[in-house]
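A short write-up of the structure that comes next.
When a residue number appears, it is its place in the shown sequence, counting from 1.
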Amino acid sequence: MQLPRSMLLHFISACTFICSLGLSTVLQAAGFQLKGHSAEGQGNSFAGQTAKAYDPNTVFYNPAGMTRLKGNQFEANLTYISPSSEYQHGSNSTAGTPFTNTQQNGAVDAVVPAFFSVWSMDERLKVGLAITSPFALSSEYDKNWVGANANVKSEIKTINIAPALAYRFTDNLSLGASLQLEKVEGTLTRQITTGLNTATTSVIEADDIDWGYGLGLLYEYSNDGRIGINYRSQIKHQIQGTVKVIGISTQNAETHVTLPAVASVGWYQKVSDKWSLLADFAWTDWSKLDQLVINNSTTGANISTIDYFWQDTLFAAIGANYQYSDKLQLKLGFAYDEGAAIDEYRSAGTPDSDCQWLSVGAAYQITPETRFNIGYSHIFTEQASVSDSRTSVAVPTSYSGSFDSKIDILSLGLVMTF
C-alpha cells in the first residue's frame with residue numbers, strides 16, 4: 001500500500017531526525033539486518049530475547065512480553081558498531097580505465113539509537129512503542145578502486161515506528177501485536193566508464209514509507225520458565241527517486257523492494273537463584289530479495305537490474321545470566337548467524353557471509369527505578385568471495401577477490417520506571 005506522504009511526514013520527521021544522528025550504518029547481521037536495539041540483549045548475543053521480557057525492548061522482540069513489565073517504563077539504547085572489511089585482491093581486467101586501487105576497506109563505523117516505552121493500562125493490558133532501525137547498511141570505496149564499476153557507495157537506512165498492544169489472557173498465556181510504520185531510504189553509486197581512462201558517477205537515490213505488522217506470544221509454563229514466539233511481517237516498499245549519471249542524464253525512477261519477514265522462537269529458564277539459561281532461534285525470509293529492477297517511472301523502460309538472489313537465513317543463539325548480587329547481573333552469549341548472499345552474486349556493497357558472535361554484558365540496578373545495561377560483542381565472519389564484470393560502450397571491466405571482515409559492537413542502555 002502506497003501511503004500519502006503528507007499524512008506521515010510530520011509524524012515521523014522528529015523520530016527520523018533523532019534516529020539518524022550518526023546513523024551511517026554498517027550491516028551487523030545476515031544480509032543487512034540489524035539486531036542491536038538492546039544493550040541488555042547484546043550481552044547475550046540476543047539469546048532468549050524472544051522470551052526474556054526483562055525490559056521495554058520486548059516491544060520489538062516480542063510485544064506479548066510487555067505483560068511481564070510493572071508500571072510505566074522507558075528505555076533508551078545507543079549502540080556503537082565498529083566494522084572492518086579488508087578487500088583481498090585476486091585478479092582484474094581494468095585496462096583503459098582509472099580503476100586500479102586494490103587496497104580497500106569499505107566498512108563504515110556507526111552509532112545506532114533505539115527507544116522503547118511501555119504503559120500499563122492495568123495488570124493485564126499493556127501499550128508500547130518501539131522506534132528502531134531494523135534494516136540498514138553502508139559501505140563506501142574510493143572511486144578508483146578495481147570494483148568501482150560495480151560498487152562505490154551502498155547505503156540503506158530504515159526508521160521503524162511500532163505502536164504495540166499486549167494482553168494477558170490467562171496466568172500463563174499472553175498475546176501481543178504491533179503495527180510497523182517504516183521509512184526506507186537508499187543510495188547506490190558506482191562509476192561508469194565513458195572513454196579511455198575516463199569515468200563519471202551514477203547515483204541512485206530513492207525512498208518510501210509503508211506498513212507491516214508484528215505478532216507475539218508468550219507462554220509461561222512455570223514461575224521460572226517461559227517460551228516466546230514472535231513474527232514480524234515483510235514490508236513491500238515501492239521506492240521512488242532518481243537515477244543521475246553526472247554530466248549526462250537524470251531520470252525519475254522506481255523499484256520494488258520487499259524487506260523480509262522475521263520469525264523467532266525464544267526460551268528462558270531460571271535454573272537456580274543465581275543462574276538462568278537462554279536460547280533463541282530465528283528465520284529471516286531473505287529469498288524475497290532476488291533482483292532490484294530499476295525502471296524509469298515515466299516510460300517504464302528498464303534502467304538497471306541488480307542481481308541478489310539471496311537465500312533465507314537462520315540465526316541461533318545460546319546464553320546465560322549470572323546474578324552476582326542483588327544489583328548486578330552478568331551476561332554471556334554465543335550465536336551463529338547464517339549469511340544471506342551466495343558466492344555467485346555477492347557484491348562489495350554487501351560482502352555478507354556466515355559469522356559467529358561472542359558476547360558479554362552486565363545489568364546494574366542503580367536505583368529501584370533505574371537500571372543500566374551494557375553489552376559487547378565481537379563478530380567473527382568467514383571470508384566472503386566477490387567477483388563482478390561490467391560491459392560498457394567504452395571499456396569493459398571485471399575483478400575478483402575476497403573480503404576478510406570482523407565487527408566490534410558496544411551497546412549502552414538505560415531503563416527507567418515511572
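For the pair Trp267 and Phe281, the minimum side-chain heavy-atom distance is 4.5 Å or more. At least one side-chain heavy atom of Ser85 sits under 4.5 Å from a side-chain heavy atom of Asn105. For the pair Val262 and Gln33, the minimum side-chain heavy-atom distance is below 4.5 Å. Contact check for Leu129 versus Ile161: side-chain heavy atoms found under the 4.5 Å cut-off. Phe116 has its side chain out of reach of Gln73: every pair of non-hydrogen atoms, C-beta onward, lies at least 4.5 Å apart. Here the side chains of Ile374 and Leu410 are in contact, with some heavy-atom distance below 4.5 Å.
The backbone N or O of Ser402 sits nowhere less than 3.5 Å from a side-chain atom of Gln88 that would complete a donor-acceptor pair. Proximity of a side-chain donor or acceptor of Asp280 to a complementary backbone N or O of Thr50 within less than 3.5 Å is detected. Asp207 places no side-chain N or O within donor-acceptor distance of the main-chain N or O of Gly241, the cut-off being under 3.5 Å.
Checking Gln365 against Gln329 by side-chain atom types alone, no donor-acceptor pair falls below 3.5 Å. Between the side chains of Asn230 and Tyr61, no donor N or O sits under 3.5 Å from an acceptor N or O. Ser178 and Gln180 are linked by a side-chain donor-acceptor pair at a separation below 3.5 angstrom, with hydrogens and angles left out of the test. Side-chain contact annotation: Gln49 with Asn57, donor-acceptor N/O pair under 3.5 Å present. Side-chain atoms of Gln269 and Tyr221 form a donor-acceptor pair, as typed in the model, at a separation below 3.5 Å.
Under a cut-off of 6.0 angstrom, the local environment of OH in Tyr324 is sparse, with at most 12 non-hydrogen atoms contributed by other residues, nucleotides or ligands. Counting heavy atoms of neighbouring residues, nucleotides and ligands inside a 6.0 Å radius, atom CG of Asn302 exceeds 12 of them.
Taking the ring centroids of His89 and Tyr87, they lie under the 6.0 Å cut-off. The six-membered or imidazole ring of Trp145 lies near that of Tyr399, with a centre-to-centre distance under 6.0 Å. Between Trp286 and Phe135, the distance separating the two ring centers is shorter than 6.0 angstrom.
Looking at Glu40 and Arg371, no side-chain N of the basic residue comes within less than 4.0 Å of a carboxylate O on the acidic one, giving no salt bridge.
For the atom pair OG1 (Thr242) and CG (Asn252), the distance works out to 7.5 Å, reported to the nearest 0.5 Å. Here the CE atom belonging to Met66 is positioned 10.0 Å from the OG atom belonging to Ser174, to the nearest 0.5 angstrom.
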